[in-house]
There are 2 protein chains.
Amino acid sequence: MRIGELAERAGTTTRALRYYESRGLLPARRAVNGYRTYDEDDLRLLQQIRTLQDFGFELEETRPFVDCLRAGHPAGDSCPASLDVYRRKLAELDALIGQLDAVRTQVGAQLARAELEAGAALPGGPEPRCELTQGALTHDGLTD
Amino acid sequence: MRIGELAERAGTTTRALRYYESRGLLPARRAVNGYRTYDEDDLRLLQQIRTLQDFGFELEETRPFVDCLRAGHPAGDSCPASLDVYRRKLAELDALIGQLDAVRTQVGAQLARAELEAGAALPGGPEPRCELTQGALTHDGLTD
DNA sequence: CCTTGCCTTGACGCCGACGTCAAGGACTAC
DNA sequence: GTAGTCCTTGACGTCGGCGTCAAGGCAAGG
């Protein structure tokens, strides 16, 4: 099959396929007229790539899975290198989720405090003030 | 003070300050020689920006807070527009964390299954490799 | 022959928040 | 005067994964 059909069957675009090829991830055979030619195996490789991409894996991280399939293994994650990617991704996810949870807690606290102060300023009357309103912010250097 | 000192006191760079100015977020007065000139109020605005940036807010999302401070309010989040940003960010964080949790679960399951299959495929029958592997198979082990 | 549609390569655009030169002006110290 | 440090504007680079033309080749139908 040609690039357009493969792209459609895998739910992606021809541009993405050419990009994968430029990265050496999914090279294509060529027909006499220069057209890229793919088979069902390429579709499987591509599906593996897309599945991992949907999980948030970077392209380079999908390479071990693709290589594994191309080596004849039944699944992309039948090889140690793929499992390593899984493990690294899990650690990465745990770290990221932990950071986001911390940020969520902080932002939630800030919102609650700010809403309290806003509400207290409206009805008109003396209100208690929290001493923690200033300087409670920490720079944990979360790079998003 | 000049741009270098402000950058250092706020823990950022002169390039970042020029960028903020180019975005209209933190304009500077100019000395006769053309040098940018800042005061303590600018430092406060900048600290507000940096704090939010560290939380993962985009630059545009810090604008309401900066405007709020510049309008004379005691805190950057003393204004309704700032609270709206807080709320949107919370919703955004919740959605993102939820997605990441789902991905984590999926990837964890894939890893457990692939490890199991790899162990079963070993010559001489499956051998338990370590306790963590068994734990990951039975529970949703976060133990690393 | 002409149009239509798929294909080719090449190259710039995009997003965010700056980093990193480059070339030159300003000011201080000696 | 000159060395050193700070400042100025301008402009290109970065990262990932493509999107979006542009210009042209190839195959098939009318």
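So that the names make sense, note that chain A is the first sequence line, chain B the second, and so on, each numbered from 1. Hydrogens, waters and symmetry mates are skipped; everything else that's a heavy atom, side chains included, is used.
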Nearest whole Å is fine: how far is [N] [atom2] from [X] [atom1]?
{"X": "Leu25(A)", "N": "dG17(D)", "atom1": "CG", "atom2": "C1'", "result": "12 Å"}
{"X": "Leu17(B)", "N": "dG19(C)", "atom1": "CG", "atom2": "P", "result": "10 Å"}
{"X": "Glu21(A)", "N": "dG10(C)", "atom1": "CD", "atom2": "P", "result": "12 Å"}
{"X": "Glu61(A)", "N": "dG16(D)", "atom1": "CD", "atom2": "P", "result": "11 Å"}

(message) Let me spell it out: for each of Asn33(A) and Arg15(A), pick the nucleotide of DNA chain D with the closest heavy atom. Which residue's pick is nearer the 5' end?
(response) Arg15(A)

(message) As a test of reading the structure: which of dC18(C), dC18(D), dT9(D) is closest to the side chain of Thr13(A), going by heavy atoms?
(response) dC18(D)

(request) Consider only side-chain heavy atoms of I, L, V, M, F, W and Y, link residues closer than 4.5 Å, and tell whether Leu26(A) and Leu52(A) are in one cluster. (result) no

(request) Would you check if the side chain of Asp42(B) reaches a backbone N or O of Asp39(B) as a donor-acceptor pair within less than 3.5 Å? (result) yes

(request) Would you please confirm or rule out a distance under 4.0 Å between OP1 or OP2 of dC7(C) and any side-chain N or O of Arg36(A)? (result) no

(request) Specify the residue among Tyr19(B) and Gly4(A) whose closest nucleotide of DNA chain C lies further upstream toward the 5′ end. (result) Gly4(A)

(message) I'd like to know if Glu21(A) and Arg36(A) make a salt bridge, using a cut-off of under 4.0 Å between side-chain N and carboxylate O.
(response) yes

(request) May I ask you to verify whether the side chain of Tyr35(A) and the base of dG25(D) hold a donor-acceptor pair under 3.5 Å? (result) yes

